[in-house]
Amino acid sequence: MALSFAQTPSSTLEPYRPSFHFSPRQGWLNDPNGLVYYKGEYHLFFQYHPDSTVWGPMHWGHAVSKNLLHWEELPIALYPDDLGTIFSGSAVIDWQNTAGFGKEAMVAIFTHNVPGLQQQSIAYSTDKGRSWTKYEGNPVLPPPNRALRDFRDPKVFWYGSQAEGHWVMAVAAGSSILFFTSPDLKTWESSGGFGLQGATCGVWETPDLFELKLDNSAESRWVLTVGIGGCAPAGGSGQQYFVGQFDGQTFTNENDKKQVLWADYGADFYAGQSWSDVESRRIWIGWMNNWAYAQALPTGIFRGSMNLPRELSLRQTPEGIRLVQNPIKELESLRTQLRHWENLQISEGQNLLEGISGESFEIRLEFQVDPLIDKITLNLRVGDKTKTTLGYSMKARKLFFGRAESGLTEFHKDFSLNHMADLAPQEDGTIKLNIILDKASVEIFANDGLVVMSEQIFPIEGANELELFAQGGSLTLKSLSVYALEGF
Ligand code: FRU
């Protein structure tokens, strides 16, 4: 039975219930798990504690969507059992029935956790993910040695052609990723490891590994993404990635060992995972949260939501190859255009967005960088003494975000810290910002997705105004569009 999923009962009852980002009806949510597309449905499983709004014995919650925006929450897919609670993992469609679970079985690969022991297990469904059977031979992959206590979050995919290929599993182990291969999802052999590179100041978690085209050319690279429990640019947990090659057995980094690449410079993108079995695009989603304060969010009967799904690509930049993320094109279906300007001069102190108010917007702007002026500032959810501030500092060439005055902030001391990211102008000297605002979040995609910042906010009721200012001089905007986003 599907639970009806009312995302917007009333903004006064649940002011922080997102309207087009997924959140569970009630209880605690963390990582996205088991992302797979099958027969017109995007499946989103998630780390779930149904009985409380803090982390506890993990289950896999479940939701499905046809457009990645409007989600229907289904009953819990996987419950804890004798082997432990159900930690993060992935899902695939076993097109060739390699495991023998049935035609086109959906197979979930997850970590069974008990204190001190993490091992990989599988479960399957032959009814589009509605009911699940755990494999009687679990676990399928115990840790290579009992001293390895962090051995979790298996990401599985098929490598190679149908006839010649094999399954690959990437598992997080301390500050490394271990790789295994299998013909049938049940028996796994070690095939290599990668680690102690990039950022290693926290435990590595939730790996993903996929191939992406470079600038839509014939050339491609493999991208290994890794959640890291601490020391991310905005503090706390964050998402790093490596660019290189994967030969079916193991991954090699093409950059210097010490180079650290971050997928998100905001505080709230973690445990990113991409969907299996989506044709011709790679889409991923993260847990829109940070372990630093996740258990203290002031949201009510649910705690935790997902980021907006993003389409991934690779771009050659003067600094090297970088991961690029843009909101899924489906988001356009929620838009109503409110304003559009081109080549508009704004003088200092003039608020171009005066009179526009609301909770959910997409704001797209492009401007010429002018080092003679200080900055361009956008204030969101502005109310009596409250606002969320973002903008671009022309001299420092930095994107900045501040939520110290954004509304409820006192639930954790780190929530008020300011966040920044280096952002060079594009070749033509312009900066592009695409800002997606839902009831309790701001996601910023700069220069067509080259630099991204994801941030939660908890504004005071009625703080609904927008402001856009040039500071330290007047500025020409190449273009500015404001859309209202109509959620569910
Ligand atoms: C990441 C994580 C995973 C683990 C899960 C437990 O946020 O710590 O490594 O499987 O959460 O809920």
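As the structure lists them, so they are numbered: ligands from 1, and atoms in each ligand from 1. Numbers here simply count residues along the sequence, with the first being 1.
Taking OH of Y79 as the start and NZ of K134 as the end, the distance is 10.0 Å to the nearest 0.5 Å. Rounded to the nearest 0.5 angstrom, T386 OG1 and E405 CD are separated by 8.5 Å.
No side-chain donor-acceptor contact under 3.5 Å links T98 and D184.
Of the polar atoms of W287, none of the N or O atoms is found under 3.5 Å from an N or O of ligand 1, judged by distance alone. Not a single N or O atom of T206, backbone or side chain, sits closer than 3.5 Å to an N or O atom of ligand 1.
Under a 4.0 Å criterion applied to the non-hydrogen atoms of W291, ligand 1 contributes the atoms 1 (C), 7 (O). Those atoms of ligand 1 with a heavy atom of M58 less than 4.0 angstrom away are 12 (O). Less than 4.0 angstrom separates some heavy atom of D153 from each of these atoms of ligand 1: 3 (C), 4 (C), 9 (O), 10 (O). Counting atoms of ligand 1 from 1 in the listed order, those under 4.0 Å from a heavy atom of Q47 are 5 (C), 6 (C), 12 (O). Each of the atoms 1 (C), 7 (O) of ligand 1 lies under 4.0 Å from some heavy atom of Y270.
The shortest separation from a heavy atom of N30 to ligand 1 is under 4.0 Å, placing the residue in contact.
Summary of contacts: the protein heavy atom closest to atom 2 (C) of ligand 1 is D31 OD2, 3.3 Å. Taking atom 8 (O) of ligand 1 as the reference point, the nearest protein heavy-atom neighbour is E205 OE2, 2.8 Å.
Note: F415 and Y293 have perpendicular aromatic rings, judged against thresholds of 30 and 60 degrees for the angle between ring planes. By the 30° and 60° cut-offs, the orientation of the rings of W291 relative to W55 is perpendicular. Under the 30°/60° scheme for interplanar angles, the aromatic rings of F194 and W204 are found to be tilted.
The one candidate from R17, Q456, H21 that meets the side-chain hydrogen bond (donor to acceptor under 3.5 Å, both in side chains) condition with D438 is H21.
Using a 4.0 Å cut-off between heavy atoms, S88 contacts ligand 1 through both its backbone and its side chain.
Considering only residues two or more places apart in sequence or on other chains, F157 meets the ring-ring contact (aromatic ring centres under 6.0 Å, His included) condition with W222, F246.
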